[in-house]
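Note on naming: letters A, B, ... go to the chains in the order of the sequence lines (proteins, then strands), and numbering restarts at 1 for each one.
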2 protein chains.
Amino acid sequence: MKLGQATIKDIARELNLSASTISRALKDYPGISDETKRKVKEMAEKMNYRPNAIALSLRKSRSFTIGVIIPEVVHFFFSTVVSGIEEVAQSRGYNVILVQSNEKLEREISSIETMLSNQIDGVLVSYSKETNTFEHFTRVLDQGFPIVFFDRAPQIPGAINVMVDDYQGAFDATTHLISQGYKNIVHLAGPPSLKITRDRANGYKAALEKNGLPVHPDHIIPCPLGTVEESQKLVSELLSSSAVNPDAFFACNDIGAVGAMMACRDAGLKIPLDVGIVGFSDWQFCSMLEPKLSSVAQPGTLMGAKATEILLDIIEKKIDPETMEKSLVLETKLMDRDSSKRF
Amino acid sequence: MKLGQATIKDIARELNLSASTISRALKDYPGISDETKRKVKEMAEKMNYRPNAIALSLRKSRSFTIGVIIPEVVHFFFSTVVSGIEEVAQSRGYNVILVQSNEKLEREISSIETMLSNQIDGVLVSYSKETNTFEHFTRVLDQGFPIVFFDRAPQIPGAINVMVDDYQGAFDATTHLISQGYKNIVHLAGPPSLKITRDRANGYKAALEKNGLPVHPDHIIPCPLGTVEESQKLVSELLSSSAVNPDAFFACNDIGAVGAMMACRDAGLKIPLDVGIVGFSDWQFCSMLEPKLSSVAQPGTLMGAKATEILLDIIEKKIDPETMEKSLVLETKLMDRDSSKRF
DNA sequence: TTGTATGCGTTATCAT
DNA sequence: ATGATAACGCATACAA
């Protein structure tokens with residue numbers, strides 16, 4: 001009682017009752033006298049009793065804890081997802097263990113091992129840029145352990161994925177630029193290992209084709225690092241070379257769009273008059289920029305919430321992972337602001 | 001082995017050995033033959049054995065898990081702190097359980113209860129704006145349970161706090177504005193319940209006094225909500241009324257600074273020519289704005305890392321919470337950019 | 001209405 | 001070099 005918490009046994013000893021009686025009384029079991037219940041609860045309160053969730057976990061082989069593996073916490077989109085996850089988990093009585101892979105495959109692997117050791121009931125994953133093998137996931141999936149992937153979803157048969165419609169979002173953004181009269185639209189692409197990169201590039205291409213515009217391979221610029229500096233440099237080079245002559249940029253993410261904005265400004269180009277720009281993700285700062293940056297909004301919090309609901313439903317066997325719908329696609333929303341509106 | 005994980009007992013049965021032998025072999029205890037060790041490890045590998053951390057926790061009364069309670073995840077500064085926490089925890093073999101209070105006292109209280117139930121080894125806390133009583137902390141502190149507070153640190157005797165030097169940061173920012181020739185500097189303050197709000201306001205006042213400038217109470221504008229809209233509206237009102245006539249704004253946070261920027265732009269004022277602006281926190285987007293926003297950088301990741309190191313040192317009894325230094329103050333760094341540089 | 005015994009997975013202690 | 005037993009805190013099947 002001084003050091004360790006008071007346990008059921010302590011209460012039992014104090015009241016000259018058996019541990020089982022205490023356990024039952026605290027949970028309002030039928031066959032316990034009201035008098036005993038009262039006394040037990042009183043004493044529990046007095047002794048500052050707190051049930052030991054660890055002991056409970058061991059007994060039930062359930063920890064009421066889920067794991068979350070994300071590339072990094074300091075990332076607006078992922079932070080919104082985590083917020084949604086935490087929200088739903090908390091409301092349904094689950095804890096959230098969080099680890100960041102820092103975009104390292106190795107840490108992703110060790111994280112999932114640690115989590116399994118900790119008997120978590122399920123895990124939510126957005127895999128790292130480095131991840132090119134999925135054995136560490138399939139291995140545990142095959143054991144019947146619940147995993148729900150979000151945003152960055154692997155092409156594993158049977159895996160449950162929650163994503164946004166990257167293809168459609170990119171299609172909408174590009175179509176919007178075309179409708180504003182931009183004709184030579186360059187796409188700043190992401191890391192090639194991610195499916196979202198390919199989906200967004202495909203949406204971009206499809207929009208061009210649908211509108212009878214040519215698709216030039218050299219109009220798709222990979223930005224693997226994803227920093228402002230990288231895209232700023234690449235766009236600057238593009239603008240100073242005479243080969244391409246772009247009049248708009250659709251970036252795979254907002255950081256890339258900011259780099260493009262800066263490069264255009266450096267080159268003396270007016271936004272949106274000379275050049276139109278649209279980003280992807282609709283980070284917080286988009287509406288704080290001058291001009292306000294158009295972007296494709298992704299429902300991050302909703303994605304986290306939905307993914308968690310699905311995971312918990314699987315854990316609680318409210319749905320059957322075998323027969324259920326394997327992929328949930330959330331809609332994006334184009335936020336067309338000043339950076340891309342000529343009319 | 002089909003459903004649940006393989007346990008030590010399963011290996012024991014398979015090898016016709018006792019559980020204790022398996023346990024020892026796996027941990028390379030001295031008195032076990034190399035031959036047995038080899039066989040055991042082989043079988044463990046084959047059966048895909050994973051130690052049950054829950055059982056270990058129960059036995060050792062230690063979970064190797066720490067809790068983190070923050071107001072919200074979707075907040076650049078807090079996300080950097082969490083990143084630092086997670087980093088250090090992971091490297092020292094601890095898990096991190098994360099909850100957000102959503103600035104609600106009630107959730108803060110229930111969170112800490114849940115965490116204690118889960119036998120976490122210690123907790124890192126930044127309390128909510130709503131928190132006006134600290135009983136829920138003192139109660140567990142008095143039981144000898146380790147808590148380290150960061151950023152928002154309570155005035156509890158004996159509590160261990162890791163903060164930045166808000167006073168000095170505000171002093172530096174204000175001094176910088178004065179040095180740039182601004183004379184009528186308004187302070188956009190934060191929620192009055194937070195100590196950081198008072199410290200920053202005091203640093204602002206001290207800088208004015210030191211430079212022989214008057215301190216007008218009506219030059220300190222409280223922005224309790226902390227939204228762009230709020231500060232934009234308040235600054236607009238201020239600019240249109242003839243009473244104050246400010247030529248600079250030092251905001252308690254970057255969001256407030258952005259609101260001020262927008263209000264100034266709306267009023268046709270040039271930044272930094274007519275009005276100088278400095279924010280606090282140096283969020284990611286500061287250097288993406290036009291003009292680039294000056295701000296006081298807070299070492300969020302470092303704060304998380306330091307707080308975690310202290311907490312783990314206490315948990316592992318490497319330092320004594322009684323005799324140790326109770327408060328660690330980290331330095332801020334003024335990032336003077338275009339929004340406040342006239343010369 | 002209450003008590004006893006057992007087991008969840010692991011390891012420390014005390015045998016052999 | 002290995003085994004048997006007890007214990008961590010709790011819940012439950014079975015007894016009384």
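Both B/L17 and A/K27 lie close to DNA chain D; mapped to their nearest nucleotides by heavy-atom distance, the more 5′-ward contact belongs to B/L17. Toward the 5' end of DNA chain D, the nearer of the two residues B/G31 and A/K9, judged by each one's closest nucleotide, is B/G31.
Between A/S18 and C/dG3, a side-chain N or O to OP1/OP2 separation shorter than 4.0 Å is present. B/S23 has no side-chain polar atom (N or O) that falls below the 4.0 Å cut-off from OP1 or OP2 of C/dG9. A/T21 has no side-chain polar atom (N or O) that falls below the 4.0 Å cut-off from OP1 or OP2 of C/dT2. One finds no side-chain N or O of B/Y29 lying less than 4.0 angstrom from the OP1 or OP2 phosphate oxygen of C/dT13. Applying the 4.0 Å criterion to OP1 and OP2 of D/dC8, one finds that B/S61 has every side-chain N and O outside that range. Residue A/K60 places no side-chain N or O under 4.0 Å from the OP1 or OP2 atom of C/dC8.
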| request: Show your reasoning for whether salt bridge (charged side-chain N to carboxylate O under 4.0 Å, His left out) applies to B/R107 and A/E87. | output: CA-CA 11 Å; B/R107 281 184 71 162; A/E87 201 64 38; 3.0 Å; yes
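Separating the CZ atom of B/R59 from the P atom of C/dT13 is a distance of 8 Å, rounded to the nearest angstrom. In this structure, A/L56 atom CG and D/dC8 atom P are separated by 17 Å, rounded to whole Å. As rounded to whole Å, 13 Å separates atom C1' of D/dG3 from atom CG of B/N16. Remark: P of C/dT2 and CG of A/D28 are 13 Å apart, rounded to the nearest angstrom. Atom C1' of nucleotide C/dT11 and atom CG of B/L58 are separated by 12 Å, given to the nearest angstrom. For the pair B/I11 CD1 and C/dG9 C1', the interatomic distance rounds to 12 Å; values are reported in whole Å. Distance CG (A/N52) to C1' (D/dA7): 14 Å, rounded to an integer number of Å. The distance from atom CD1 of B/I22 to atom C1' of C/dT11 is 13 Å, rounded to the nearest whole Å.
Using a 4.0 Å heavy-atom criterion, one finds that B/D34 contacts no nucleic acid atom at all. Within 4.0 Å of A/I8, counting heavy atoms only, lie sugar-phosphate atoms of the nucleic acid but no base atom. If you check every strand for non-hydrogen atoms under 4.0 Å, A/S57 touches nothing.
A cation-pi contact links B/R62 to B/F64, judged by a cut-off of 6.0 Å to the six-membered ring centre and 45° from its axis.
The six-membered or imidazole ring of A/F134 lies near that of A/Y127, with a centre-to-centre distance under 6.0 Å. A distance below 6.0 Å separates the ring centres of B/F149 and B/F137.
Side-chain to base pairing of A/R24 with C/dG3: one donor and one acceptor N or O lie within less than 3.5 Å of each other. For C/dT4, the base has a donor-acceptor partner in the side chain of A/S20 [N/O atoms by modelled type, under 3.5 angstrom].
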Contacts under 3.5 angstrom, residues 47-55 of chain A side chains, donor-acceptor by atom type, not counting sequence neighbours:
unit_1: A/R50; atom_1: NE; unit_2: B/E113; atom_2: OE1; d: 2.9
unit_1: A/N52; atom_1: OD1; unit_2: A/I54; atom_2: N; d: 2.8
unit_1: A/N52; atom_1: OD1; unit_2: A/A55; atom_2: N; d: 3.0

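In this structure, of C/dT10, D/dC10, D/dT2, it is D/dT2 that holds the atom nearest to the side chain of B/I32.
A distance-only check finds no donor-acceptor pair linking the side chain of B/S23 to the backbone of B/A19 [under 3.5 Å].
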